[in-house]
Amino acid sequence: MPFEELLDLIVSITLEKGGATADLAEGRLLTAEDYWYFPRHPDRTQVVPLEDLGSAVRSYIEANLPVLTGGGVYLGTWVNPGTQECYLDLTARAQERREALLRAWLHSKEGNRRILSIYNPVAGETAYLQ
């Protein structure tokens with residue numbers, strides 16, 4: 001899918017559904033899959049206002065393009081319903097909950113930002129790191 005089309009889709013799905021996950025290496029939006037998702041580089045998470053979402057997502061992708069196109073790292077967006085701000089993340093995933101919790105904990109230790117939880121969209125479950 002062409003970049004501009006993918007960017008528009010990321011923004012519209014984020015605003016409509018509260019979040020999206022995109023595989024920029026393959027140029028596609030991911031559907032809900034039975035994986036546990038978590039920030040891969042929590043120190044690169046950005047929180048942006050919804051009013052500037054299109055330009056913020058574009059800037060975030062440009063700043064993190066080598067990581068996002070290297071494979072195994074996805075662009076994740078999530079709208080906090082309490083603040084109406086959008087979180088932009090470099091997201092990884094794992095099939096097993098235990099593996100995802102361990103990897104999230106390790107990434108949390110590496111980064112300057114604590115990861116609080118992992119999420120499985122198919123199960124509709126959030127698991128919190130302790």
Side-chain angles (χ1 to χ4, degrees):
M1 169 179 316
F3 177 74
E4 293 300 325
E5 193 176 318
L6 182 59
L7 180 63
D8 289 345
L9 191 56
I10 292 166
V11 172
S12 66
I13 295 294
T14 298
L15 293 172
E16 180 184 323
K17 299 190 182 231
T21 306
D23 183 342
L24 272 76
E26 294 188 13
R28 68 184 180 100
L29 200 64
L30 297 180
T31 57
E33 298 179 49
D34 194 14
Y35 286 93
W36 290 91
Y37 292 84
F38 50 91
R40 171 59 185 94
H41 298 281
D43 52 326
R44 293 189 188 188
T45 297
Q46 286 187 355
V47 182
V48 300
L50 291 179
E51 300 81 36
D52 301 327
L53 190 57
S55 61
V57 170
R58 177 186 297 280
S59 295
Y60 189 78
I61 289 171
E62 289 171 355
N64 293 287
L65 198 57
V67 176
L68 287 166
T69 55
V73 176
Y74 311 95
L75 170 67
T77 65
W78 173 70
V79 176
N80 181 327
T83 64
Q84 289 301 299
E85 294 174 310
C86 185
Y87 286 69
L88 305 177
D89 282 312
L90 300 173
T91 302
R93 66 185 186 177
Q95 284 190 321
E96 299 298 323
R97 176 184 170 138
R98 182 180 169 105
E99 177 190 352
L101 284 168
L102 176 61
R103 288 177 53 196
W105 181 81
L106 290 171
H107 298 321
S108 189
K109 291 285 186 193
E110 292 170 357
N112 293 325
R113 184 181 180 143
R114 188 170 162 237
I115 297 172
L116 301 177
S117 63
I118 62 174
Y119 180 69
N120 183 316
V122 170
E125 283 185 54
T126 299
Y128 295 91
L129 279 69
Q130 297 185 5

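As a basis for the values below, the full set of heavy atoms in this structure was taken, side chains included, without hydrogen atoms, waters or symmetry mates. Residue numbers count from 1 along this sequence.
- Two different hydrophobic clusters hold L101 and L116 under the rule that ILVMFWY side chains link at heavy-atom gaps under 4.5 Å.
- Hydrophobic clustering (side-chain heavy atoms under 4.5 Å, transitive across Ile, Leu, Val, Met, Phe, Trp, Tyr) keeps Y74 apart from L65.
- Environment of CZ in R114: sparse, with no more than 12 heavy atoms of neighbouring residues, nucleotides or ligands closer than 6.0 Å.
- The two residues W36 and A100 come nearest to each other via the heavy atoms CB-CB, 3.4 Å.
- We find the CZ-CG distance between R93 and N120 to be 11.0 Å, quoted to the nearest 0.5 Å.
- In this structure, the separation between CG on N64 and NE2 on H41 is 8.0 Å, given to the nearest 0.5 Å.
- Nearest heavy-atom pair, G71 versus A25, reported as atom, atom and distance to 0.1 Å: N-CB, 4.3 Å.
- Here the closest non-hydrogen pair linking Q95 and Y35 is CG-CE2, 3.2 Å.
- In the hydrophobic clustering of this structure, V79 groups with V11; members are Ile, Leu, Val, Met, Phe, Trp, Tyr whose side-chain heavy atoms approach within less than 4.5 Å, directly or through other members.
- F3 is connected to L29 through a chain of hydrophobic side-chain contacts under 4.5 Å among Ile, Leu, Val, Met, Phe, Trp and Tyr, so both are in one cluster.
- Nearest approach of P39 to I115, heavy atoms of both residues: O-CD1, 3.4 Å.
- Between R40 atom CZ and L106 atom CG the span is 9.5 Å, to the nearest 0.5 Å.
- Pairs of residues two or more places apart, or lying in two chains, that qualify as side-chain hydrogen bond (donor to acceptor under 3.5 Å, both in side chains) and include a residue from residues 10-22 are T14-T77.
- Applying the salt bridge (charged side-chain N to carboxylate O under 4.0 Å, His left out) rule to pairs touching residues 55-83 yields E4-R58, sequence neighbours excluded.
- Salt bridge absent: R103 and E96 never bring a charged side-chain N and a carboxylate O closer than 4.0 Å.
- The aromatic rings of H107 and F38 lie parallel to each other, with less than 30° between the two planes, well short of the 60° mark.
- The distance from the CD1 atom of I61 to the CG atom of L24 is 5.0 Å, given to the nearest 0.5 Å.
- Nearest heavy-atom pair across V122 and E33 is CG2-C, 3.2 Å.
- A pairwise comparison of heavy atoms in T126 and S117 identifies CG2-CB, 3.6 Å as the closest pair.
- Using a 4.5 Å heavy-atom cutoff, the side chains of W78 and T91 are not in contact.
- The backbone N or O of R44 sits less than 3.5 Å from a side-chain atom of Y60, completing a donor-acceptor pair.
- Screening residues 45-56 for side-chain hydrogen bond (donor to acceptor under 3.5 Å, both in side chains), with sequence neighbours left out, gives T45-D89.
- By the criterion of side-chain heavy atoms lying less than 4.5 angstrom apart, applied directly or through intervening Ile, Leu, Val, Met, Phe, Trp or Tyr residues, I13 is grouped together with V48 in one hydrophobic cluster.
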